[in-house]
Structures are given as C-alpha cells and as structure tokens.
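Working notes for the structure below.
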Amino acid sequence: QGDWSSDVCSSDLDSVQGTPVISPLSTVVPADVLAVEFASLKDVIQLPRLLDKRLGQILRIAEGTGGPNYLIERYRNQLAIELDGFAETVGQFAVKSVAVVLGDPYLREGTDLSMIFRAENQALLASVLANHLARAKARHSDLVNTQERIFGESVTVNATPDSSIKRFEYANGEYRILSNSRSAIGR
C-alpha cells in the first residue's frame, strides 16, 4: 500500500520528465502490425518454449491436434535462421534488441512474419545470418538468391520455388530486417 513509484525502473520512465521512453527499435516498426520487442535474442528463444509449456496442451485440445504444431520451426526454416545457436554463441555481441512483427494473428494459416534486429555489430550479424543461409542452401539445392528493388531500396531475396524458404533481407544503418513477405519488407 506504500508509494510504488520509487520501484519503477528508470529505464521505463524518463526520470526528469516522467514520460515514457520510446525504444529506438519501435521507431522502425509499422503502426498497423502486431509486434513484440525483446531486449535480447535469448528472450526470443524462451518465448516459444514458454508458450508451448503454458498454452500448448490447451491449444492442441482446442484445435483437436494430438501433437506439437511446429509453428516456430516453420517460420524459422522459412527465414533460414537458427536462433538457438546464434543467441547462445554471438547473439549478445551482434544484437542490441529484436522485434518479431506479424502482419496478422493467423500464424497457423500463414502470415507475414518479420524480424527486425537492432545491431550491436552489423558485420557480425550479417556474417552469422549468411552462415545460416549457407546451411539452408546445403539442404535446399533449389534455393535461389536474387536482388530486387522494393520501394526504391535494394533487397536481397533468397527463396525456393515452393516457398519453404522465403527470406527478404534489408539492412539500413543499425537495423537489419528479415521477412517472409515482399509487402512487409516494403513497409
């Protein structure tokens, strides 16, 4: 029942003005999407495990499925990204924060999914992501790399004919975006 205002982190409020602090990453996220920002890659990895542990059985019962739904794996494979090893080895040195951005809540049916990285070390992040892509290429000989102009910007596209891998990649300053959608990357 005491004064809780002293317990609020100074990172949540500007101590001089008493106004919320806006995350630099949130300034590059479109306003009309679902987005979750994470302070680290380890947090991104833990979220699916937590959701599956807490909600997995309820969702399986509600949907009438008997086993795991493999949603996270599907989107990770589509973006050709290996978050587990990446976060555990160099993630803390390469990335300041990351946002997972969804065009709509229909994950099971398929949605625009993007990951926006705020890089600590852009060269290291690019190198790790290139290694992930090389491993995907070894598993998918039909993976094709092209460059496209989307809204006047050069975007690297890596895709298989069946779209099991569909990765649009764009970097600008300290930000690097991976998306499975041409329209999402253009926003």
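Just so it is clear, the structure is predicted and the values come from calculations on it, not from any experiment.
Contact annotation: the side chain of Arg182 approaches that of Phe168 to within less than 4.5 Å [non-hydrogen atoms, C-beta and beyond]. For the pair Glu120 and Val95, the minimum side-chain heavy-atom distance is 4.5 Å or more. Using a 4.5 Å heavy-atom cutoff, the side chains of Ile150 and Glu153 are not in contact. At least one side-chain heavy atom of Ser183 sits under 4.5 Å from a side-chain heavy atom of Asp112. Leu129 is listed as a side-chain neighbour of Glu169, based on a closest heavy-atom distance under 4.5 Å. Counting heavy atoms from C-beta on, the side chains of Gln147 and Thr156 come closer than 4.5 Å.
Under the 4.5 Å side-chain heavy-atom criterion for grouping Ile, Leu, Val, Met, Phe, Trp and Tyr, Val33 is connected to Leu25 within one hydrophobic cluster. Taken together through direct or relayed side-chain contacts under 4.5 Å among Ile, Leu, Val, Met, Phe, Trp and Tyr, Phe93 and Tyr175 form parts of separate hydrophobic clusters. Val144 and Leu178 are assigned to two separate hydrophobic clusters, defined by single-linkage of ILVMFWY side chains at heavy-atom distances under 4.5 Å.
Using modelled atom types, one side-chain atom of Asn121 and one backbone atom of Leu124 make a donor-acceptor pair closer than 3.5 Å. No donor-acceptor distance shorter than 3.5 angstrom exists from the side chain of Ser97 to the backbone of Phe38, with no hydrogens or angles considered. In terms of modelled atom types and a separation under 3.5 Å, the side chain of Glu148 and the main chain of Val157 share no donor-acceptor contact.
For the residue pair Ile81 and His132, the shortest heavy atom distance occurs at CA-ND1, 3.7 Å. Across Asn180 and Leu113, no two heavy atoms sit closer than the pair OD1-N, 2.8 Å. Annotation for Ala80 and Leu133: closest pair CB-CD1, 3.8 Å, computed over non-hydrogen atoms. Scanning all heavy atoms of the two residues, the minimum distance from Ser154 to Tyr170 falls at O-CD1, 3.5 Å. The two atoms that bring Val29 and Ile116 nearest to each other are CG2-CD1, 3.9 Å, heavy atoms only. Residues Val101 and Ala35 share a closest heavy-atom pair of CG2-CB, 4.2 Å.
Remark: Arg135 engages Glu82 in a salt bridge, criterion side-chain N to carboxylate O under 4.0 Å.
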Practice task
Would you sort out whether Gln78 and Ser164 count as a side-chain hydrogen bond (donor to acceptor under 3.5 Å, both in side chains), showing the intermediate values?
Solution key: CA-CA 5 Å; Gln78 194 172 39; Ser164 61; over 6 Å; no

